[in-house]
Number of protein chains: 2
Amino acid sequence: MRKMVEAQLKLVPDLLRVMRKRYEILRQIRLSGKTGRRTLAASVNLTERSLRTELDVLREQGLVEIGPSGMALSAEGERLLEELEPFVREWFGLTRLEEALREAFGLKRVIVVPGDSDQSEAVKQEMGRAAARVLVGVLKPGDVVAVMGGTTMACVASHMQSSTPLRDNWFVPARGGLGESVDVQASTVASEMAKRTGARYRMLHVPDHLGEEAYQTMMQEPNVREVVEMIRSARIIVHGIGEAMTMARRRKLDERTMEELRREGAVAEAFGYYFDRSGAVVYRRTTVGLRLQDLERADTVIGVAGGRSKGEAIAAVLRYGQNDILVTDEAAAEEALKTMESRPG
Amino acid sequence: MRKMVEAQLKLVPDLLRVMRKRYEILRQIRLSGKTGRRTLAASVNLTERSLRTELDVLREQGLVEIGPSGMALSAEGERLLEELEPFVREWFGLTRLEEALREAFGLKRVIVVPGDSDQSEAVKQEMGRAAARVLVGVLKPGDVVAVMGGTTMACVASHMQSSTPLRDNWFVPARGGLGESVDVQASTVASEMAKRTGARYRMLHVPDHLGEEAYQTMMQEPNVREVVEMIRSARIIVHGIGEAMTMARRRKLDERTMEELRREGAVAEAFGYYFDRSGAVVYRRTTVGLRLQDLERADTVIGVAGGRSKGEAIAAVLRYGQNDILVTDEAAAEEALKTMESRPG
DNA sequence: AATAGTGGGACGTTTTACGTCCAACACATT
DNA sequence: AATGTGTTGGACGTAAAACGTCCCACTATT
């Protein structure tokens with residue numbers, strides 16, 4: 001049955017939205033008993049008129065009876081509502097998660113795709129596609145987008161597409177090069193995104209971590225300086241989220257730093273910074289790329305990450321409080337919400 | 001699950017119509033490969049513009065990829081279509097039809113594809129695909145398959161495929177040559193099936209109908225005799241079903257025989273024999289190919305036929321009672337069941 | 001009897017879908 | 001290489017559906 005809903009979600013997403021709307025109307029009618037359109041409209045967040053068109057359908061179906069003194073569920077409506085109950089969880093499980101996450105972490109928008117990226121590559125792909133769509137959706141002419149690296153970001157890039165070439169948008173890597181494979185480098189991701197959308201891009205041919213002296217030297221390079229300035233003025237920032245220790249190992253941090261991270265209780269990594277459970281930054285180093293203050297200045301910060309194992313890390317980064325949009329999957333969403341139970345607020 | 005769809009239908013009455021529309025668009029795209037809007041619009045009976053809005057949705061969902069040279073299903077679209085198959089049966093009431101047919105005619109298995117082969121070539125193709133899948137499914141190592149000719153059988157052959165070459169399976173024509181076009185001859189069908197599945201095949205270069213004397217002579221030929229023995233020992237038999245008069249005309253039977261068929265009330269033709277409404281054989285002649293007693297001996301007899309006009313003929317052949325599996329389409333299934341209403345049992 | 005709240009009708013406006021073109025582009029064939 | 005067929009995507013006017021906003025007759029409760 002789960003599979004059927006998923007299939008329907010793909011085939012007729014619009015109709016499922018309608019179904020949800022009507023279901024909630026029915027539920028509200030049952031809840032508030034004999035009541036009128038206007039009060040009902042307020043409680044289900046619809047205008048009077050659009051509620052009315054919905055009611056016409058529901059009456060047509062014989063689910064509600066409408067009299068001069070108000071409306072109520074018909075016997076059949078009652079029965080349907082009962083029968084619907086078990087299915088509803090399937091339909092709205094995700095939307096409920098989205099709402100909950102949005103509320104819990106004060107986000108502007110949350111997209112949750114069904115499944116667990118840890119379990120299935122398809123889910124990760126789906127999440128990438130969702131993120132790509134969101135990103136293209138928030139793009140305005142002239143926008144500069146700074147993107148991070150990572151497998152998730154690479155996956156997002158591979159699903160970017162635009163009907164019309166975004167000739168005056170720029171994609172720039174938010175960080176320099178890291179000791180990882182080429183196709184998950186921020187620069188690679190940025191160029192891939194640009195190519196797929198017909199946008200323009202810049203590369204940043206500099207190691208991400210530099211000593212103070214080397215840093216100053218590189219910043220003398222007009223080529224580097226220019227890109228860095230673009231990064232720091234980006235209106236949109238897209239980034240993945242990782243588990244602290246996993247990322248630390250992958251980036252081959254030295255043992256002393258690893259120990260420090262452990263001591264500080266680092267659980268998450270994002271934008272090159274490490275966070276503890278409460279969302280506090282516990283480790284930073286000079287970087288040629290994006291700085292924390294650039295996040296505050298940016299208009300839209302989009303986080304993309306999924307998989308049950310990343311739930312806690314996601315929650316930690318969200319607590320840092322600079323994210324506007326989150327794209328994740330069901331398993332991670334559930335985990336992230338679990339962390340709220342133990343430490344509300 | 002059935003309950004779920006019923007519940008959904010109450011909330012969104014035209015859910016099924018929309019799902020069916022989009023499903024058929026997807027299916028048609030898969031069938032016709034890279035093709036354009038206009039041709040596609042014609043084959044799914046939509047105007048170009050309204051097809052376009054549907055395609056927008058499907059593309060948004062990442063189910064079809066649409067390029068300057070035409071459109072095609074994405075990997076995800078392929079996957080969805082596969083996953084949809086069982087649900088589509090539920091949604092369109094095909095499982096009910098299948099059950100009813102199975103009960104009514106005492107069959108082991110029935111597959112009904114949506115649509116009407118008379119109306120749309122695509123439905124016939126789909127039926128062929130389904131039959132091919134069934135056939136490959138029942139094949140065991142070492143099996144000999146005897147196949148009939150006809151346009152439907154040719155269509156089945158064109159959809160055969162096997163992941164691993166079936167090196168020790170044999171396909172043989174169940175009949176000799178008939179006065180029809182080459183690519184619907186039983187021999188052609190057998191060889192096509194063998195080639196597509198990596199199996200082996202034998203041909204039967206003999207006219208189907210022979211006088212007694214010529215028959216005996218031909219059977220002396222070791223070459224012929226060998227194939228005929230394979231035919232008569234086949235574990236699996238696959239055949240089409242035709243309307244009696246249509247087939248009689250196509251086979252150019254003489255006027256006297258035609259009159260006899262009419263008098264006897266022949267409505268159906270299969271395996272070279274003619275049947276009346278009750279499933280009784282009303283006409284037979286000596287043939288080098290399959291005999292009726294071979295049907296009884298065979299393990300699995302698979303009938304494939306579709307189109308509303310063939311409903312009655314299908315019912316007649318099924319009443320003969322030697323079929324195990326039937327692959328048909330929605331329209332023919334409905335017609336075949338209608339004949340049961342008037343003469344139950 | 002007054003009043004708050006009800007459904008339903010009406011009407012102009014906005015949004016959406018649709019039918020119908022056309023231009024730019026890819027690909028195969030000549 | 002040129003040509004022609006078939007493709008997508010854009011544009012635009014029209015038709016239809018949805019919507020926002022009133023109003024009115026009616027009911028139940030106070």
Side-chain angles (χ1 to χ4, degrees), chain A residues 12-15 17-22 24-26 28-74 77 133 136-137 139 141 160-168 195-199, chain B residues 11-15 17-19 21-22 25-26 28-74 77:
Chain A
V12 283
D14 41 352
L15 296 192
R17 262 207 320 277
V18 175
M19 260 168 53
R20 174 193 170 150
K21 181 164 56 176
R22 293 186 184 159
E24 277 178 353
I25 292 172
L26 285 180
Q28 190 61 39
I29 293 178
R30 181 174 66 178
L31 191 70
S32 42
K34 254 192 154 34
T35 175
R37 251 184 354 224
R38 284 169 272 269
T39 43
L40 184 59
S43 44
V44 293
N45 243 19
L46 286 175
T47 65
E48 182 195 335
R49 192 58 180 82
S50 57
L51 171 62
R52 205 162 152 185
T53 52
E54 297 303 331
L55 282 176
D56 285 344
V57 179
L58 293 177
R59 190 184 45 182
E60 186 86 10
Q61 293 295 308
L63 301 175
V64 302
E65 278 158 358
I66 281 173
S69 68
M71 54 194 150
L73 290 185
S74 73
R133 196 158 52 199
V136 172
L139 269 184
M160 296 283 289
Q161 67 178 62
S162 167
S163 46
T164 54
L166 309 170
R167 293 191 201 288
D168 59 351
K195 281 171 190 164
R196 285 191 165 271
T197 54
Chain B
L11 279 184
V12 190
D14 48 11
L15 176 71
R17 262 212 343 269
V18 179
M19 285 197 305
K21 181 165 55 173
R22 292 189 188 162
I25 292 173
L26 286 179
Q28 188 62 39
I29 293 177
R30 177 175 66 179
L31 188 70
S32 41
K34 259 198 153 31
T35 174
R37 257 186 342 229
R38 280 168 278 267
T39 43
L40 184 59
S43 44
V44 293
N45 244 18
L46 286 176
T47 64
E48 182 192 335
R49 193 56 178 78
S50 58
L51 169 64
R52 203 163 152 184
T53 53
E54 295 302 332
L55 281 177
D56 283 344
V57 177
L58 294 177
R59 188 185 44 180
E60 183 81 12
Q61 292 297 307
L63 301 175
V64 303
E65 274 158 0
I66 203 162
S69 69
M71 54 194 147
L73 289 185
S74 70

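No experiment lies behind these values; they were computed from the predicted model shown.
- Between A:Thr39 and C:dA4 there is no side-chain N or O to OP1 or OP2 distance below 4.0 Å.
- Residue B:Glu65 contributes atom CD, which lies 18 Å from atom P of D:dT7 at whole-angstrom precision.
- Under the side-chain hydrogen bond (donor to acceptor under 3.5 Å, both in side chains) criterion, A:Arg196 pairs with A:Glu192, not counting sequence neighbours.
- Atom CD1 in B:Ile66 sits roughly 11 Å away from atom P in D:dG10 (whole-Å rounding).
- Between the P atom of D:dT7 and the CZ atom of B:Arg59 lies a distance of 16 Å, rounded to the nearest Å.
- Counting to the nearest Å, the P atom of C:dG8 and the CD atom of A:Glu60 are 13 Å from each other.
- Checked by atom type and distance alone, the side chain of A:Ser162 never pairs as donor or acceptor with a backbone atom of A:Pro165 at under 3.5 Å.
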Atom pairs under 3.5 Å, N or O on each side, protein against nucleotides 27-30 of chain C: can you list them with distances?
none

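- At a cut-off of 3.5 angstrom, the base of D:dG6 holds no donor-acceptor pair with the side chain of B:Arg37.
- B:Glu54 places its CD atom 12 Å from the P atom of C:dG19, with the value rounded to the nearest Å.
- Rounded to whole Å, the distance from CG on B:Leu55 to P on D:dT7 is 12 Å.
- No salt bridge links A:Asp14 with A:Arg17; every basic N to acidic carboxylate O contact stays at or beyond 4.0 Å.
- Every residue two or more places apart in sequence or in another chain that forms a side-chain hydrogen bond (donor to acceptor under 3.5 Å, both in side chains) with A:Glu54 is listed here: A:Lys21, A:Arg22.
- Every side-chain hydrogen bond (donor to acceptor under 3.5 Å, both in side chains) that A:Thr39 has, sequence neighbours left out, goes to A:Thr35.
- At distances below 3.5 Å, not a single donor-acceptor pair connects side-chain atoms of A:Thr197 with backbone N or O atoms of A:Leu166.
- The CG atom of A:Leu40 sits 12 Å away from the C1' atom of C:dT6 (whole-angstrom rounding).
- Every residue was checked against the salt bridge (charged side-chain N to carboxylate O under 4.0 Å, His left out) condition with B:Arg52, not counting sequence neighbours, and none meets it.
- Atom CG of residue A:Leu31 and atom CG of residue A:Leu73 lie 10.5 Å apart, to the nearest 0.5 angstrom.
- Side chain of A:Arg133 to backbone of B:Glu60: a donor-acceptor contact under 3.5 angstrom is found.
- Remark: the A:Arg38 side chain and the C:dG7 base include a donor-acceptor N/O pair separated by less than 3.5 Å.
- As rounded to whole Å, 9 Å separates atom P of D:dA28 from atom NZ of A:Lys34.
- Residues from residues 41-52 of chain B that place a heavy atom under 4.0 Å from any atom of DNA chain D, listed by number: B:Arg52.
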